[in-house]
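Working notes for the structure below.
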Amino acid sequence: MVVTGGVGQLGRQFCLSLVKRGAKVAVFDLQANEQRVAERFGGMPTENNMLFLPVDVTLRDSIENGLRRINSVWGVPHALINNAALDSPPNSPSEENGPFENYPESSWDKVMDVNLKGVFLCCQVVGGQLAASAGGSIINICSIYGIVSPDQRIYDYRRTDNQFFFKPVAYSASKSGLLNLTRYLATYWAGKKVRVNTLTFGGVFNNQDKEFLEGYCARVPLGRMAREDEYNGAIIFLVSDASSYMTGSNMIIDGGWTAW
Ligand SMILES: NC(=O)c1ccc[n+]([C@@H]2O[C@H](COP(=O)([O-])OP(=O)(O)OC[C@H]3O[C@@H](n4cnc5c(N)ncnc54)[C@H](O)[C@@H]3O)[C@@H](O)[C@H]2O)c1
């Protein structure tokens, strides 16, 4: 199985829970270097069940090199989890979180390149190999901000002393693009036994500041952010035969954010 962005907060969780169930997992991540992997995965045994490959998902050559390595060690993969993405962290440069009218074109390009084109390229290269072999499962990771607009009111507390703060547009636009890339590929590859689904998440607790947590949690019917292990079950479901009749769908796990 291939997990892009597997060194990150959620990607690490997906890798560990897949390995725990006997899968072999190859990570495509810009940060797949020895030091970072040791920090994130500690003394976990690798080689037999994990490969860390410093792949840039925005570069077709890089993805092809990563896939060649997997093929030579384990053969053809059975699943692809497109999880790598760029978001705009709260401490981004001010123009990133400023008014929409001035949102930098370069930021738009950078986010689109990873979040949408990166998924497109991984589907072409890795998904193409699944389709040419025994088939498999592709999961594209989306966000509630790809389904509905960010609720800019929860960032009100950042707008003091004439400072602007808006959750920027590119992340939302890139994530919503995944929904129809998923549907397109689900129908295109249906005859090749490649199932393609979107998995949409709400926000995950990561020591965000108190004001953000208050605003966010008040907006969630379940009253809290997700724990980072609460999406693992859905990953296992979607890569396994338990979801054998599911393709072209979007599974939403968001504590109820999009329910009202
Ligand atoms: N964390 C959340 O609250 C949340 C909420 C909803 C959706 N999501 C989605 O879940 C996924 C994982 O989020 P996360 O919070 O774990 O992110 P993260 O920032 O912790 O990890 C992302 C990983 O992607 C890697 N990456 C970035 N650009 C890359 C590139 N060009 N090539 C290869 N790897 C690259 C980074 O090195 C990093 O390890 C993302 O798709 C995100 O949009 C996250």
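Indexing begins at 1, ligand by ligand and atom by atom, following the structure's order.
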**Report entry** 4.0 Å heavy-atom contact, Y171 with ligand 1
**Finding:** yes

Query raised in the report: Can you check whether a protein heavy atom sits less than 4.0 angstrom from atom 8 (N) of ligand 1?
Result: yes

Query raised in the report: Taking atom 10 (O) of ligand 1 as the point of reference, which of V119, N82, I141, N140 owns the nearest heavy atom?
Result: I141

**Report entry** Closest contact, heavy atoms only, I236 versus L18
**Finding:** CD1-CD2, 3.7 Å

Query raised in the report: Between D156 and R159, is there a side-chain N and carboxylate O pair less than 4.0 Å apart?
Result: yes

Query raised in the report: Looking only at heavy atoms, which two atoms of F41 and V7 are closest? And how far apart?
Result: CE1-CA, 4.3 Å

Query raised in the report: Is the shortest distance from a heavy atom of V55 to ligand 1 less than 4.0 Å?
Result: yes

Requested in this report: Mark the output for G202 as yes if a heavy-atom distance to ligand 1 is under 4.0 Å, and as no if none is.
Outcome: yes

Report task. Tell me which protein heavy atom sits closest to atom 34 (N) of ligand 1, plus the residue, atom name and distance to 0.1 Å. Result -> L30 N, 3.3 Å

**Report entry** Residues E230, R224: salt bridge by 4.0 Å N-O rule
**Finding:** yes

Report task. Give yes or no for whether the N/O distance cutoff of 3.5 Å, strictly under, is met between V57 and ligand 1. Result -> yes

Report summary line: min-distance protein heavy atom vs atom 36 (C) of ligand 1 -> D29 OD1, 3.5 Å

Query - Part of K175 within contact of ligand 1 (heavy atoms, under 4.0 Å) - result: side chain

Query - Aromatic plane relationship, Y155 with Y145 - under 30° parallel, 30 to 60° tilted, over 60° perpendicular - result: perpendicular

Report task. List every atom of ligand 1 that sits less than 4.0 Å from any heavy atom of V204, numbering the atoms from 1 in the order shown and giving each element. Result -> 1 (N), 2 (C), 3 (O)

Query raised in the report: Side chain of R36, backbone of Q31: donor and acceptor closer than 3.5 Å?
Result: no

Query - Note: K117-D109 ion pair, threshold 4.0 Å (strictly below) - result: no

Query raised in the report: Can you list the atoms of ligand 1 that are under 4.0 Å from a heavy atom of V114?
Result: 28 (N), 31 (N)

Requested in this report: Just need the protein heavy atom nearest to atom 19 (O) of ligand 1, so name the residue and atom and give the distance.
Outcome: A85 O, 4.5 Å

Query raised in the report: Looking at atom 31 (N) of ligand 1, what's its closest protein heavy atom, distance included?
Result: D56 OD1, 3.0 Å

Query raised in the report: Any side-chain heavy atom of V125 sitting closer than 4.5 Å to one from R60?
Result: yes

Query raised in the report: Going through the distances and angles, do N206 and E228 end up as a side chain to side chain donor-acceptor pair (under 3.5 Å)?
Result: CA-CA 8 Å; N206 196 10; E228 62 183 21; over 6 Å; no

Query raised in the report: Hey, does T4 sit under 4.0 Å from ligand 1 if you only count heavy atoms?
Result: no

Report task. Specify the protein heavy atom at minimum distance from atom 21 (O) of ligand 1: its residue, its atom name, and the distance to 0.1 Å. Result -> G8 CA, 3.3 Å

Requested in this report: Without swapping roles, check the side chain of T4 against the backbone of N83 for a donor-acceptor pair under 3.5 Å.
Outcome: yes

Query raised in the report: Which protein heavy atom lies closest to atom 11 (C) of ligand 1, and at what distance to 0.1 Å?
Result: N83 OD1, 3.0 Å

Query raised in the report: Of the protein's non-hydrogen atoms, which lies at the shortest distance from atom 44 (C) of ligand 1, and what is that distance?
Result: L10 CD1, 3.8 Å

**Report entry** Check: G203 main-chain N/O paired with Y216 side-chain donor or acceptor under 3.5 Å
**Finding:** yes

Query raised in the report: Is the closest N or O pair between F201 and ligand 1 shorter than 3.5 Å?
Result: no

Query raised in the report: Relative to the heavy atoms of G5, which atoms of ligand 1 are at a distance of less than 4.0 Å?
Result: 23 (C), 24 (O), 25 (C)

Query raised in the report: Please state which protein non-hydrogen atom is closest to atom 15 (O) of ligand 1 and give its distance, to 0.1 Å?
Result: Q9 OE1, 3.9 Å

Requested in this report: Would you check whether G203 reaches within less than 4.0 Å of ligand 1, judged by its heavy atoms?
Outcome: yes

Report summary line: Q31 heavy atoms within 4.0 Å reach ligand 1 at atoms 36 (C), 37 (O), 38 (C), 39 (O)

Requested in this report: Mark yes or no for whether Y231, through its side chain, and G202, through its backbone, hold a donor-acceptor pair below 3.5 Å.
Outcome: yes

**Report entry** Under 3.5 Å: donor-acceptor pair, side chain of K175, backbone of I141
**Finding:** yes

Query - Distance-only donor-acceptor check, side chains N180 and R183, under 3.5 Å - result: yes

Report task. Compute the minimum heavy-atom distance from C142 to ligand 1 and say whether it is under 4.0 Å. Result -> yes

